[in-house]
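Report on the following structure.
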Amino acid sequence: MCRHVGYLGPPVALDELLLEPEHSLLEQTWAPADMRGGGTINADGFGVGWYRADGSTGSYRAAVPMWTDQSFREVAREVRSGAVVAAVRSATVGMPVVPAACAPFTDGTRLFSHNGRVTGWPDSVAKLAARLDVVDLLTLQAATDSALLWAVLRQRVLDGAEPAEALSELVGEVVAAAPDSRLNLLFSDGDRLVATTWTHSLWVRREPAAVTVASEPFGPRAGWREVPDRSLVVADVHDVQVRPLAGMGE
């Protein structure tokens with residue numbers, strides 16, 4: 001069911017954030033601790049997105065296990081950023097294993113990751129897809145549930161919706177159309193992280209000048225707290241807010 005990480009704070013080298021800590025995202029490719037029945041490893045590709053000083057994003061995505069990619073190790077030593085979203089993938093059966101299917105998805109100024117799956121794909125969300133701009137639908141980055149969720153979310157944010165509102169509404173619509181979906185979503189605009197939990201694990205760590213949101217804790221255990229299921233997280237380097245997803249109780 002994939003694992004992801006979002007970070008905001010002082011610039012850090014990608015290898016220091018993702019490869020070197022105890023139980024790092026790299027280790028979670030072969031030894032995840034809390035998949036909740038959604039597979040055993042995350043070896044169907046990975047991706048990392050980061051922000052440059054001008055606010056644009058850079059990214060690296062590959063359809064191979066993270067541990068096999070020596071080129072990424074070299075990139076990770078050189079790239080430093082104060083805003084990062086990264087993910088390792090466990091592909092849903094029947095979906096393509098290609099670089100374009102790996103999170104994070106980006107439009108050049110925003111980053112998005114989906115940890116989970118949409119049940120009944122693609123029929124269950126056909127009506128949701130029909131509301132997309134035709135060009136956006138025809139240019140999906142991959143024929144996957146995650147890429148569709150990103151296209152819908154991106155369109156709504158571009159139309160003026162606040163990311164927290166857009167993510168919350170998107171989860172509600174998908175759950176209504178495709179019950180039993182797993183919808184841990186993670187979005188960044190470079191200044192904040194917005195995330196949801198829906199039947200999967202999520203943790204947050206607040207430090208004096210940084211915040212990290214992750215599927216599983218890594219590095220020192222101190223400071224991590226688990227996010228309750230069916231929650232919305234809105235975080236920046238100054239504050240972390242966790243609240244129930246509106247209107248979606250039992």
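Below, each value reflects all heavy atoms present in this structure, side chains not excepted, and no hydrogens, waters or symmetry copies. Fair warning: this is a prediction, and the values are worked out from it, not measured in the lab.
- Leu19 is not listed as a side-chain neighbour of Arg77, based on a closest heavy-atom distance of 4.5 Å or more.
- Under a 3.5 Å cut-off, the side chain of Gln28 and the backbone N or O of His23 do form a donor-acceptor pair.
- Using a 4.5 Å heavy-atom cutoff, the side chains of Met35 and Ile41 are not in contact.
- Listed by first then second residue, pairs satisfying salt bridge (Lys or Arg N to Asp or Glu O under 4.0 Å) with a partner in residues 56-69 number zero, not counting sequence neighbours.
- Within the structure, ring pair (Phe, Tyr, Trp, His ring centres under 6.0 Å) pairs that include any residue of residues 68-90 comprise Phe46-Phe72, Tyr60-Phe72 (at least two apart or interchain).
- Side-chain contact between Val194 and Glu162 is absent, with no heavy atoms from C-beta onward closer than 4.5 Å.
- Separating the CG atom in Leu153 from the NE2 atom in His114 is a distance of 12.0 Å, to the nearest 0.5 Å.
- For Arg36, the salt bridge (Lys or Arg N to Asp or Glu O under 4.0 Å) test picks out Asp34, Glu226, with sequence neighbours left out.
- Legend: residues meeting salt bridge (Lys or Arg N to Asp or Glu O under 4.0 Å) with Glu27, ordered by chain and number and at least two apart, are absent.
- Looking only at atom types and distance, the side chain of Thr29 has no donor-acceptor partner in the side chain of Arg3 under 3.5 Å away.
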Side-chain polar contacts of residues 99-108 - donor-acceptor pairs under 3.5 angstrom, sequence neighbours left out - could you list them?
unit_1, atom_1, unit_2, atom_2, d
Thr106, OG1, Thr57, OG1, 3.0
Thr106, OG1, Gly108, N, 2.9
Thr106, OG1, Arg110, O, 2.8
Asp107, OD1, Thr109, N, 3.1
Asp107, OD1, Thr109, OG1, 3.3
Asp107, OD1, Arg110, N, 3.0
Asp107, OD2, Arg110, NH1, 2.6
Asp107, OD2, Arg154, NE, 3.2

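- Put simply, the side chain of Trp198 reaches to within 4.5 Å of the side chain of Leu245, judged on heavy atoms.
- The side-chain heavy atoms of His200 and Cys2, taken from C-beta on, include no pair separated by under 4.5 Å.
- Listed by chain and residue number, Gln241 satisfy the side chain to side chain donor-acceptor pair (under 3.5 Å) test with Asp239 (two or more places apart in sequence, or in another chain).
- Using a 4.5 Å heavy-atom cutoff, the side chains of Leu18 and Ser24 are not in contact.
- A donor-acceptor pair shorter than 3.5 Å cannot be found between the side chains of Arg192 and His238.
- Atom CD of Gln70 is surrounded by more than 12 heavy atoms from other residues, nucleotides or ligands within 6.0 Å.
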